[in-house]
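Right, one structure below, let's go through it.
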2 protein chains.
Amino acid sequence: MSVNRKQQIIEAATKSFSLFGYKATTIDQVAKLANVGKGTIYTFFKSKEELLDEIISSVIVEIKTAAEQVMSDDQSFFENVHRALYRILEFRKQHQLTIKLLQEVRDIGTPAVQEVMGKLDRAILAYIRDKIEKAMEKGEIRHCDAEITAFLMLKMYIALVFEWEKSHAPLSKEQIAELFELYFFKGLSK
Amino acid sequence: MSVNRKQQIIEAATKSFSLFGYKATTIDQVAKLANVGKGTIYTFFKSKEELLDEIISSVIVEIKTAAEQVMSDDQSFFENVHRALYRILEFRKQHQLTIKLLQEVRDIGTPAVQEVMGKLDRAILAYIRDKIEKAMEKGEIRHCDAEITAFLMLKMYIALVFEWEKSHAPLSKEQIAELFELYFFKGLSK
DNA sequence: AATTGACCATTTTGTTCATTTAGTCACATC
DNA sequence: GATGTGACTAAATGAACAAAATGGTCAATT
């Protein structure tokens with residue numbers, strides 16, 4: 001029973017955060033949705049912020065799993081990174097929770113949400129960085145600063161997947177893969 | 001006399017926009033600073049917004065001039081684009097007006113300022129795009145979509161110059177040049 | 001021991017109203 | 001009579017206050 005209660009609360013909170021955002025979700029609301037007294041929430045979570053934090057932590061795990069699933073050992077480093085990055089951003093683009101929270105950061109700038117989204121970004125960055133380091137060890141790519149490379153790769157993907165659309169027709173997955181290969185691997189020099 | 005009056009107004013407005021931002025600058029203030037009656041401002045500019053627009057238009061010219069000055073025919077395309085982009089962002093980073101207005105977009109989101117800053121971005125993009133097209137014609141670089149390439153180059157520079165600093169030690173001009181060359185020209189493949 | 005909801009301190013929201021502001025225009029100045 | 005002006009107006013803003021809502025606690029309940 002008690003094990004389930006925590007899950008009920010997390011599910012209710014996830015639903016409400018996804019639908020209304022963090023700020024507009026009240027603890028009373030979550031308690032009602034979870035069929036739980038308000039006090040019970042505070043036996044599992046020290047604050048509203050910690051509740052959000054725990055939810056995002058499991059989103060991070062989900063995202064990593066999703067990325068792992070699209071990668072494969074018999075593919076090139078380039079193909080794997082492309083697939084992983086695309087999958088990660090696809091996840092962010094499709095899941096109500098991340099959409100809503102990203103929106104909230106843009107529109108209201110709720111500090112708690114800002115922090116937690118920063119954590120998500122850092123986790124993604126660390127994940128890519130790890131892949132880059134492994135590829136360098138194996139000699140699959142030229143030597144480079146893994147931190148900066150991961151940072152730039154993510155920026156480039158975000159630019160191609162999210163920002164390009166703001167002023168142009170969206171790019172297909174294949175186009176993005178081509179562009180990624182062209183700029184990051186082949187380079188523009190003849 | 002009349003010729004000077006317009007310049008006086010523009011200078012006063014530029015000073016005030018730089019110091020307090022667009023929203024916090026009143027027309028009365030500008031009139032006082034310019035030693036001019038309020039009505040006079042409206043004989044030269046149809047609205048406060050148009051005053052801002054005219055100021056930004058000349059900033060665009062200034063930026064282009066600044067970029068032209070650092071480029072030179074006996075340098076490679078890569079070196080020239082690097083110099084131009086770095087100079088442009090340096091300009092944005094140093095000039096009070098652009099700093100303040102960019103801040104205002106982030107913090108308040110004043111629509112008039114948002115629009116005018118978008119215009120500035122589009123001008124920069126068009127400028128880089130033109131350079132890329134010329135380089136392709138001359139056969140200095142591989143064929144590619146000039147629009148997307150300009151977009152990505154600018155994003156990459158903004159990421160390196162402004163965003164990297166948010167969580168790391170700033171990169172030197174030389175480091176940025178190296179990174180730019182590594183990713184955009186040579187590529188990571190061995 | 002686990003759960004709860006009434007309760008409290010603090011924030012947030014809604015409302016009112018005085019002040020400020022962008023923009024106009026009748027008048028002053030040369 | 002062309003140019004320049006600041007008092008004026010309608011609309012926007014924000015200060016001040018009251019009312020409602022919210023996160024978190026804890027004594028009572030099961």
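Numbers restart at 1 for each chain; the letters A, B, ... are given by sequence-line order, proteins then strands.
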Base, backbone or nothing for each nucleotide of nucleotides 21-27 of chain C, written B, S, -, heavy atoms under 4.0 angstrom, 5' to 3'? SBBB---

Residue pair B:R87 / B:Q69, side-chain heavy-atom distance below 4.5 Å: no

A:K32, NZ: over 12 other non-hydrogen atoms inside 6.0 angstrom: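 Counting other residues, nucleotides and ligands, NZ of A:K32 stays at 12 neighbours or fewer.
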
Inspect the surroundings of CD in B:E115 and state if more than 12 heavy atoms from other residues, nucleotides or ligands are less than 6.0 Å away.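 It does not: B:E115 CD has 12 such atoms or fewer within range.
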
Find the distance [X]:[atom1] to [N]:[atom2] and express it as a whole number of Å.
{"X": "B:K32", "N": "D:dT5", "atom1": "NZ", "atom2": "P", "answer": "13 Å"}
{"X": "A:E50", "N": "D:dG23", "atom1": "CD", "atom2": "P", "answer": "15 Å"}
{"X": "A:N35", "N": "C:dT3", "atom1": "CG", "atom2": "P", "answer": "14 Å"}
{"X": "A:L52", "N": "D:dG24", "atom1": "CG", "atom2": "P", "answer": "12 Å"}

Checking side-chain polar atoms at under 3.5 Å, does A:S72 have a donor or acceptor matched by the opposite partner on A:D74?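 Distance-only check passes for A:S72 and A:D74.
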
Is it true that the side chains of B:H95 and B:E62 contain a donor and an acceptor less than 3.5 Å apart?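 The criterion, which ignores hydrogens and geometry beyond distance, is not satisfied for B:E62 and B:H95.
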
Between B:K46 and B:D53, does at least one N-O distance fall below 4.0 Å, as a salt bridge requires?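 Salt bridge between B:K46 and B:D53, a charged N being under 4.0 Å from a carboxylate O: no.
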
Do the side chains of A:E68 and A:K64 get close enough for a salt bridge, i.e. N-O under 4.0 angstrom? no

Show your reasoning for whether side-chain contact (heavy atoms from CB on, under 4.5 Å) applies to B:I108 and B:V113. CA-CA 10 Å; B:I108 325 185; B:V113 182; over 6 Å; no

For the helix from C:dA1-D:dT30 to C:dC30-D:dG1, how many degrees between its two end axes (five pairs per end), to the nearest 10°? 20°

